[in-house]
Amino acid sequence: MSSVYLCGFMGCGKSHVGRQLAAAMNRNFIDLDRYIVNNERMTIPFIFEKYGEPHFRKLEAKYIRELSDDNIVATGGGALINDETAEYARKSGISVYINTSFDICYGRIKNDTNRPIVVNSSKKKLHELYDTRDEIYRRNAMCMVNGCTTDTIIVDEIIKLVRFFEKYGHL
């Protein structure tokens, strides 16, 4: 078995789907953002304010390396935009891009004060970031699932991909 790293834009459903996927596959679920908060003993907004986004991205990369033991990991929205982190995820498991439309993501995140990028950005800026990251997720993830469908379908698709990957060693 190998770890499954869920990536995608903020609000795409990584944590929600990840919990369901972990239950269905009888694996541990780890929300990377929550893991960072617990280990650093600081909120994400505080880390961004005190140390900046580049420091937070380094923390994501550091902690992803600690979580490579048959877990379901909901990465932060920016974790796999780092090419080295994405490469590590590919080597230690399977990375899956949950491709959810901007409108759905925005509807889920627009009032979330725990997301510094959301708090400090207009809808237009977030859409531009979404478009930029979409290209990066497509490049850095090993496979992609449609995030604009039901949770059950998303989980089932990821399970099929993981089983294929674990049986054949590649996609």
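Here the structure is a predicted model, which means the values were calculated and not measured.
For E87, the side-chain hydrogen bond (donor to acceptor under 3.5 Å, both in side chains) criterion is met by R90, not counting sequence neighbours. Residues meeting the side-chain hydrogen bond (donor to acceptor under 3.5 Å, both in side chains) test with R133, sequence neighbours left out: none. Under the salt bridge (Lys or Arg N to Asp or Glu O under 4.0 Å) criterion, D112 pairs with R115, sequence neighbours left out. Listed by chain and number, the residues in a side-chain hydrogen bond (donor to acceptor under 3.5 Å, both in side chains) with R34 amount to none (sequence neighbours excluded). Shown here are the side-chain hydrogen bond (donor to acceptor under 3.5 Å, both in side chains) partners of D103, two or more places apart in sequence or in another chain: there are none.
Atom CD1 of I44 is separated from atom CZ of F56 by 4.0 Å, given to the nearest 0.5 angstrom. Taking CG from L21 and CG from L6, the interatomic distance works out to 6.0 Å, rounded to the nearest 0.5 Å. Note: H16 NE2 to D31 CG = 13.0 Å, rounded to the nearest 0.5 Å. In this structure, L126 CG and Y130 OH are separated by 12.5 Å, a value rounded to the nearest 0.5 Å. One distance of note links CE of M25 with CZ of R163; it measures 6.5 Å at 0.5 Å rounding. To the nearest 0.5 angstrom, E66 atom CD is 11.5 Å from N71 atom CG.
Counted by atom type alone, Y51 and E40 present zero donor-acceptor pairs between their side chains at under 3.5 Å.
Nearest heavy-atom pair, F29 versus S15, reported as atom, atom and distance to 0.1 Å: CZ-O, 3.6 Å. Here the closest non-hydrogen pair linking I64 and A79 is CD1-CB, 4.0 Å. Scanning all heavy atoms of the two residues, the minimum distance from A61 to T85 falls at CB-OG1, 3.2 Å.
V145 and I104 fall into different hydrophobic clusters, where Ile, Leu, Val, Met, Phe, Trp and Tyr residues are linked whenever their side-chain heavy atoms come under 4.5 Å apart, directly or through other members. Note: the hydrophobic cluster containing Y35 also contains F46 (ILVMFWY, side chain heavy atoms under 4.5 Å, direct or indirect links). Hydrophobic clustering (side-chain heavy atoms under 4.5 Å, transitive across Ile, Leu, Val, Met, Phe, Trp, Tyr) keeps I153 apart from F164. Both Y106 and I117 are members of a single hydrophobic cluster when ILVMFWY side chains are connected at heavy-atom separations under 4.5 Å. Residues Y63 and M42 share a single hydrophobic cluster, defined by chaining ILVMFWY side chains whose heavy atoms lie under 4.5 Å apart.
Taking 4.5 Å as the limit, some side-chain heavy atom of N114 sits within range of a side-chain heavy atom of P45. Looking at heavy atoms from C-beta onward, V96 lies out of side-chain contact with M144 at the 4.5 angstrom threshold. Proximity of I94 to Y5: side-chain heavy atoms (C-beta onward) are nowhere separated by under 4.5 Å. Taking the side chain as every heavy atom from C-beta outward, T150 and I154 never approach each other to under 4.5 Å. R27 has its side chain within reach of V4: a pair of non-hydrogen atoms, C-beta onward, lies under 4.5 Å apart. Residues R19 and I72 have side chains not in contact (no heavy-atom distance under 4.5 Å, counting atoms from C-beta outward).
Using cut-offs of 30° and 60° for the angle between ring planes, the F9 and F102 rings count as tilted.
Listed for the S95 side chain is a donor-acceptor partner under 3.5 Å among the backbone atoms of M142. Remark: the backbone N or O of S2 is paired with a side-chain donor or acceptor of E166 at under 3.5 angstrom. Between the side chain of K14 and the backbone N or O of G8, at least one donor-acceptor pair lies under 3.5 Å.
Tested against E60 for a side chain to side chain contact (heavy atoms under 4.5 Å, CB included), the candidates D33, L80, T75, N82 yield a single pass: D33.
Sorted by first and then second residue, the side-chain hydrogen bond (donor to acceptor under 3.5 Å, both in side chains) pairs with a member in residues 136-145 read D83-R139, D83-N140, D134-R138; sequence neighbours excluded.
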